[in-house]
Number of protein chains: 2
Amino acid sequence: MEKYHCKAAYILEASVPSEEKAMAMADFFKVFGDTTRIKILSLLLESELCVHDIATLLNMEQSAISHQLRVLRQNKLVKVRKEGKSSHYTILDNHVYKIITQGLDHLSE
Amino acid sequence: MEKYHCKAAYILEASVPSEEKAMAMADFFKVFGDTTRIKILSLLLESELCVHDIATLLNMEQSAISHQLRVLRQNKLVKVRKEGKSSHYTILDNHVYKIITQGLDHLSE
DNA sequence: TGTTCATATGAATGATTGTTCATATGTTCA
DNA sequence: TGAACATATGAACAATCATTCATATGAACA
């Protein structure tokens, strides 16, 4: 009895992604898989903003925004510029624009 | 007392994404935010495959694969071609390649 | 028709995760 | 130094979700 049903499967044994690569990839996209982070990134694509203003614009608690900014920071999608009492965030990675654009494209079809 | 700290925030009030748009976007990226689905999509980017072969290649249960293929189907990322007893899956959306490529690009930096 | 094989799916479970609450850190200014 | 403000963060809770198990659907074939 054959191991596979499709001929192509034999060749694809070499292309099975490693657990590490697949996980790194999935973790990266998980960052875009949250409503709040999408909103934050959308705003930051327009302009630098401080935490307080993001929270006010999105009508959410400062703490929730801060937690999500941390996720974005850890994934190197945004960077902080401290100025006095406040922290100003900007988009760090130029893939953010491209990826969000792809998402919009897909949804508009 | 001012509502915002940053000047730009006033203008950005018009750009706050709607809950629906942000959620549609996040839901779309959530699909890419899982290790198993990333592996499945990576394989399907190479060739059409039936459920049994995907499960064998990934060394996972048929049921787990079938559940994830349903998610991919519902999000219009793959399509099925029934042939006899088996179901053959292919990538439906050309954004899949682009998005996965962006993910790889980001990770390689 | 009955058996076998391929796939799909519902329910249950364990793990992950976003938000809230409370509080800590750190800056400005009187 | 102390008060007010901006941000960060830990713990707890609720909700979401991927996998497993059991089973159903459906095709092929003897």
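Lettering of chains follows the sequences in order, A, B, ..., and the numbering in each one begins at 1.
- When all heavy atoms of A/Gly103 and B/Met25 are compared, the pair lying nearest together is C-SD, 4.0 Å.
- Residue B/His52 places none of its side-chain N or O atoms closer than 4.0 Å to OP1 or OP2 of C/dC5.
- For C/dA6, neither phosphate oxygen OP1 nor OP2 lies less than 4.0 angstrom from any side-chain nitrogen or oxygen of A/Tyr4.
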Evaluation steps, side chain to side chain donor-acceptor pair (under 3.5 Å), between A/Glu2 and A/Tyr10: CA-CA 11 Å; A/Glu2 300 281 348; A/Tyr10 291 94; 2.7 Å; yes

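- Pairing analysis of DNA chain D (Watson-Crick: purine N1 to pyrimidine N3 plus N6-O4 or O6-N4; G-U wobble: N1-O2 and O6-N3; both under 3.5 Å) yields stems of 3 or more pairs at C:1-30 with D:1-30.
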Step-by-step salt bridge (Lys or Arg N to Asp or Glu O under 4.0 Å) determination, B/Glu48 to B/Lys79: CA-CA 10 Å; B/Glu48 179 187 76; B/Lys79 68 163 184 279; over 6 Å; no

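- A/Tyr89 has a side-chain polar atom (N or O) that falls below the 4.0 Å cut-off from OP1 or OP2 of D/dA8.
- Taking the nucleotide of DNA chain C with the nearest heavy atom to each of A/Gly84 and B/Asp53, the more 5' of the two is matched to B/Asp53.
- Rounded to a whole Å, the CG atom of A/Leu72 is 14 Å from the P atom of D/dT9.
- Listed here is the closest heavy atom pair of A/Phe29 and B/Ile38: CD1-CD1, 4.1 Å.
- Computed from coordinates, the A/Lys82 NZ to C/dT27 C1' distance equals 11 Å when rounded to whole Å.
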Audit row: B/Arg81, B/Tyr89, side chain to side chain donor-acceptor pair (under 3.5 Å) steps and yes/no: CA-CA 6 Å; B/Arg81 178 176 67 81; B/Tyr89 282 83; over 6 Å; no

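- Taking all atoms of both residues into account, the shortest heavy-atom contact from B/Leu57 to A/Ala9 is CD2-O, 3.6 Å.
- Here D/dT20 presents its P atom at 12 Å from CG of B/Leu58, a figure rounded to the nearest Å.
- You'll find that the side chain of A/Lys85 is closest to C/dT27, out of C/dA8, C/dT27, C/dA6.
- For the pair B/Ile40 CD1 and C/dT7 C1', the computed distance is 14 Å after rounding to whole Å.
- Heavy-atom minimum distance, A/Lys76 versus A/Asp93: O-CB, 3.8 Å.
- Looking at every heavy atom in both residues, B/Asp53 comes nearest to A/His5 through OD1-N, 2.8 Å.
- The distance from atom NE2 of B/His88 to atom C1' of C/dT7 is 11 Å, rounded to the nearest whole Å.
- In this model, the phosphate group of C/dT19 is approached by a side-chain N or O of A/Thr36 to a distance below 4.0 Å at OP1 or OP2.
- For B/Leu49 against A/Leu12, the heavy-atom pair with the smallest separation is CD1-CD1, 3.5 Å.
- Remark: P of C/dA15 and CG of B/Asp34 are 16 Å apart, rounded to the nearest angstrom.
- In this structure, B/Asp27 places its CG atom 13 Å from P of C/dG18, rounding to the nearest Å.
- Rounded to a whole Å, the NZ atom of A/Lys39 is 14 Å from the P atom of C/dG18.
- The stretch residues 60-70 of chain B touches DNA chain C through B/Gln62, B/Ser63, B/Ser66, B/His67, B/Arg70, each having a heavy atom within less than 4.0 Å of the strand.
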